[in-house]
Amino acid sequence: MVKNFMEWLCDICGMNFPSMYGKDYIEAHHKIPISRFNKEHQVTESDFVLLCPNCHKAVHLLLKDNGLDYEQAKLFIINKING
């Protein structure tokens, strides 16, 4: 499980859910949709990022509605956060 190998901080906003709420929770997100992998691709931890629930949902909405890739969605959200 990828969560065992990564620090539990949101890759976008840096939120530490366990520190904030006292509950161990974070969501794993495929940087590239698995539907785009070829049959030979071996999924590794580098295929994932960990995201808080808010950033994870925002990424999915941006990917779906705007056709952005993960890095573009990440930059968009960071710019929104930083005003």
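All values below were derived from every heavy atom in this structure, side-chain atoms included, with hydrogens, water molecules and symmetry-related copies excluded. Quick note: residue numbers are just sequence positions, from 1.
With hydrogens and angles ignored, the 3.5 Å screen pairs a side-chain donor or acceptor of W8 with a backbone N or O of K3. Checking side-chain atoms of N66 against main-chain N and O of L63 turns up no donor-acceptor pair under 3.5 Å. With hydrogens and angles disregarded, a donor-acceptor distance shorter than 3.5 Å links the side chain of D69 to the backbone of E71.
The shortest side-chain heavy-atom distance between I77 and I12 falls under the 4.5 Å cut-off. When side chains are defined from C-beta on, V59 does not count as touching K74, because their heavy atoms never get closer than 4.5 Å. Using a 4.5 Å heavy-atom threshold, the side chains of H41 and D47 count as touching. Considering only heavy atoms from C-beta on, P53 comes within 4.5 Å of Y25 through its side chain. In this structure, the side chains of N16 and Y21 stay at 4.5 Å or more apart for every pair of heavy atoms.
Grouping the Ile, Leu, Val, Met, Phe, Trp and Tyr side chains by contacts below 4.5 angstrom, directly or via other members, places M6 apart from F17. In this structure, V49 is a member of the same hydrophobic cluster as I78, with clusters built from ILVMFWY side-chain heavy atoms closer than 4.5 Å.
Contact record, C52 with I26: N-CD1, 4.4 Å, taken as the closest heavy-atom pair. When every heavy atom of G14 is checked against every heavy atom of L9, the shortest pair comes out as O-CD2, 3.8 Å. Across all non-hydrogen atoms, the minimal contact from L50 to E7 is CD1-O, 3.6 Å.
Once rounded to the nearest 0.5 Å, the distance linking CG of L51 with NZ of K57 reads 13.0 Å.
Of the candidates H29, H30, H56, F48 forms a ring pair (Phe, Tyr, Trp, His ring centres under 6.0 Å) with just one, namely H30. L68 pairs with exactly one of L62, L61, L75 by the side-chain contact (heavy atoms from CB on, under 4.5 Å) rule, that one being L62.
The number of heavy atoms from other shown groups lying within 6.0 Å of NZ (K31) is above 12.
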